[in-house]
Amino acid sequence: MRTYEKFFRMNRLPHIWCPGCGNGIVMKAIVQAIEKAGLDQDKTVIVSGIGCSSRASGYMNFDTLHTAHGRAIPFATGIKLANPELNVIVITGDGDATAIGGNHFIHGARRNIDLTVVLFNNNIYGMTGGQASPLTPHGKKATTAPYGTVDRAFDPCQLAQAAGATFVARSTTFHVPQTVDAIVQGIGNKGFSLIETITQCPIAYGRKNKLGDAANMLKWMSEHAAPLAAYNKLSDEQKAEKFPIGVLYKGAAPEYSAEYAKLIKQAMEGKK
Amino acid sequence: MKARLMQGNEACAEGALAAGVRFFGGYPITPSTEIAEQMAKELPKVGGTFIQMEDEIGGMAVILGASLGGKKVLTATSGPGFSLKQELIGYAAIAEIPAVIVNVQRVGPSTGQPTSPSQGDIMQIRWGTHGDHPMIALAPWTVREAFDVAVMAVNYAERFRTPVIIAMDEVVGHMREKVVLPEANEIEIYPRRKPTATRAEGYQPFTPAEDLVPNVANFGDGYHIHVTGLIHDETGFPSGNAQLTKECTDRWHQKIARVQDEITHYDEFFMDDAEFVVLAYGGTARSAYAGVEAAREKGIKVGMLRLMTIWPFADKIVKKAAAKAKAILVPEMNYGQLVHEVERAAAGQTQVISLPKYNTEIFEPSEICEAIETMAKEASK
Ligand SMILES: Cc1ncc(C[n+]2csc(CCOP(=O)(O)OP(=O)(O)O)c2C)c(N)n1
Ligand code: SF4
């Protein structure tokens, strides 16, 4: 048995994802990061929203919570504040985090509450069959954007940073060790951490946009992702063709649950 | 304890604290805001947590998370916010998460008349979330009862692992009365249910106990449970099975239905010789009581049924009253909502008369007395 297998509910596998789907790669990266970070299995909670990616919580052998569409972050906030000793990891899709859950996402970041949010960004609504999401790149096709999206896409990393997150990283399913490392660092950050993982959805997104099979989509990631330092050296023209990966931002700010614990201590001692 | 002058909303918050609530999440909205303000001030003093969320959906989500984390939880809102909470009230019902939601009703729909009293959410309280689910809702009519109802709501939420709604209205929420609250040792508290077996002994989080309620472990207790809003079997994992779907739906309903008599709380006034009955609840019951007294003074044999438990509906009590009464009058601060339940329960045994009021004003006792007189006159024709 591989050491990380105890973190999976082996009796719940195989998973429901399509052949070639990237969700399994990210799920395994999370589990390996949990092992590397040395988290206590009994004190680690996985909270997910609704979507293909959010199904991952059911396969992971911890206390797990499969919430409602878009609401993983506020549920996770309640768990963390109820019991601050718990390590709370959030699994969310691009629609889940930035459309229906967009408000919770920015407010979680604003509070800098100690959650590690892993955003499975497949640029599409996978579960419902390929509708456009706020992270579908401008001009790409979806079942609800048959002529290409008119909408512009968010950059969720910039969004999280601007909103107050203290750890922001991007990786891809091609860059597995880097993904694991980014999640380990996110777990280590006592505050709101976002790890955006570009994840292939060959079925609902790839097919519609003629991106080829899973292998082709991974190849595209390898060719277009640039480590931040290298990315920063590119000209604006070159940048338009690439996207930066790695740790994009690290900041320092008071963490919400620790701050509230101080407030409780004061109030219990009778100070105003 | 010495008498204190306090508001219904304040008493409600105090009751929740006394019952062991240690977590509040919510979003401000008139006329419920005092509850949030009170919780913000008092919770940290007893080691509890208050959080103001970005909206009412977040308020609902955060309390459900905290409840799974082991805390007794409360949120409070009014019409527009109550509408926003509906999806996750259903989540609490299906995932069997204890939570208490206060709805201090105001005139709607939409922004309506934000500072005016109403009982217009009585049906939304029952059916607001989608799908089949049971519902417990309690409506206080005095400040002291706002305290008692809060204690009871928290206890029921914990005991039946279900969302419980406190159906306040602006009248009771904002009214000030002199009250004497019970001492801590006079209050019965239902503790959080705990697993009675280990995983090795075959524990499954959603196996119902004898009372049909599962002993779901708290997160962090080492049971590695899975909680979902999908229909699930005793393991907590989703299943598309048709038979299981039916059995789950049956069990949620039965766990409440089997205790329906026990949780149906009501008052009867002047019912022994009553030929007519006024059925009222919440703030309206106060005017109704004065109206009934006035009609009695005029020699009309009228009694009163005051419902504290709104849901599940007091079918048996109403049916019994209907068997004896010549007519039942139902005053409500809405277009006529609970009156349809009264009609259903009366089952044609007597005439049920709706007395709706929806012009932002509360009932005057004289209006109710007049309606009683008209009812009596019509019956003697
Ligand atoms: C309130 C609500 N609205 C809509 C849906 C339908 N729905 C389920 S998953 C989903 C989108 C999922 O997309 P994403 O979050 O990107 O996750 P993915 O499936 O791609 O992993 C939608 C719209 C829902 N379950 N709940
Ligand atoms: S639809 Fe896309 S995201 Fe969903 S399982 Fe299939 S490949 Fe994965």
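A note on names: the letters A, B, ... follow the listed sequences, proteins ahead of strands, and every chain is numbered from 1.
- When heavy atoms are compared at a cutoff of 4.5 Å, Ser57(A) approaches chain B by way of both its backbone and its side chain.
- Ranked by non-hydrogen atom pairs under 4.5 Å with chain A, the options Val46(B), Leu43(B), Ile57(B), Leu68(B) are led by Ile57(B).
- Counting heavy-atom pairs closer than 4.5 Å to chain A, the top residue among Gly59(B), Gly236(B), Gly69(B), Ala61(B) is Ala61(B).
- To the nearest 0.5 Å, atoms CD (Glu54(B)) and CD1 (Ile73(A)) are separated by 9.0 Å.
- Within the 4.5 angstrom heavy-atom criterion, only backbone atoms of Phe62(A) (N, CA, C, O) approach chain B.
- Ranked by heavy-atom pairs under 4.5 Å with chain A, the list Gly48(B), Pro238(B), Gly229(B) is led by Gly48(B).
- Counting only distance, with no hydrogens or angles, the side chain of Asp63(A) and the backbone of His224(B) share a donor-acceptor pair below 3.5 Å.
- Of all heavy-atom pairs spanning Met268(A) and Pro44(B), the tightest one is CG-O, 3.3 Å.
- Interatomic distance, CG of Asn103(A) versus CE of Met53(B), reported as 9.5 Å (0.5 Å rounding).
- If you measure heavy-atom distances from Leu65(A) to chain B, the contacts under 4.5 Å come from both the backbone and the side chain.
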Worked check of side chain to side chain contact (heavy atoms under 4.5 Å, CB included) between Phe75(A) and Val62(B): CA-CA 5 Å; Phe75(A) 270 86; Val62(B) 81; over 6 Å; no

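- For Phe167(A), the CZ atom counts as densely surrounded, since its 6.0 Å shell holds more than 12 non-hydrogen atoms of other residues, nucleotides or ligands.
- Neither the backbone nor the side chain of Ile63(B) comes within contact range of chain A; no heavy atom of the residue lies under 4.5 Å from a heavy atom of that chain.
- Of the two parts of Val73(B), neither the backbone nor the side chain holds a non-hydrogen atom closer than 4.5 Å to a non-hydrogen atom of chain A.
- The local environment of CZ in Phe154(A) is sparse, with at most 12 non-hydrogen atoms from other residues, nucleotides or ligands closer than 6.0 Å.
- For the options Asn83(A), Val45(A), Ile46(A), heavy-atom pairs under 4.5 Å to chain B are most numerous at Val45(A).
- Using a 4.5 Å cut-off between heavy atoms, Tyr91(B) touches chain A through its side chain atoms alone.
- Rounding to the nearest 0.5 Å gives a distance of 12.0 Å between CG of Leu81(A) and CZ of Phe50(B).
- Listed here is the closest heavy atom pair of Phe219(B) and Leu86(A): O-CD1, 4.3 Å.
- With a 4.5 Å cut-off on side-chain heavy atoms, Lys45(B) and Ile264(A) do not count as touching.
- Using a 4.5 Å heavy-atom cutoff, the side chains of Leu230(B) and Arg55(A) are in contact.
- Here the side chain of Asp42(A) pairs no donor or acceptor atom with the backbone of Gly220(B) at under 3.5 angstrom.
- Contact of Thr235(B) with chain A is made through the side chain alone, with heavy-atom distances under 4.5 Å.
- For Glu85(A), no part sits under 4.5 Å from any heavy atom of chain B, backbone or side chain.
- Interface summary for chain B: among Val47(A), Asn61(A), Leu263(A), Thr77(A), the most heavy-atom pairs under 4.5 angstrom belong to Asn61(A).
- For the set Arg12(A), Arg71(A), Gln41(A), the count of heavy-atom pairs under 4.5 angstrom toward chain B peaks at Arg12(A).
- When each of Met60(A), Arg110(A), Arg111(A), Lys265(A) is checked for heavy-atom pairs under 4.5 Å with chain B, Arg111(A) comes out on top.
- Between His226(B) and Arg9(A) there is a side-chain heavy-atom pair separated by less than 4.5 Å.
- The NE2 atom of His107(A) sits 11.0 Å away from atom CD1 of Ile51(B), with the distance rounded to the nearest 0.5 Å.
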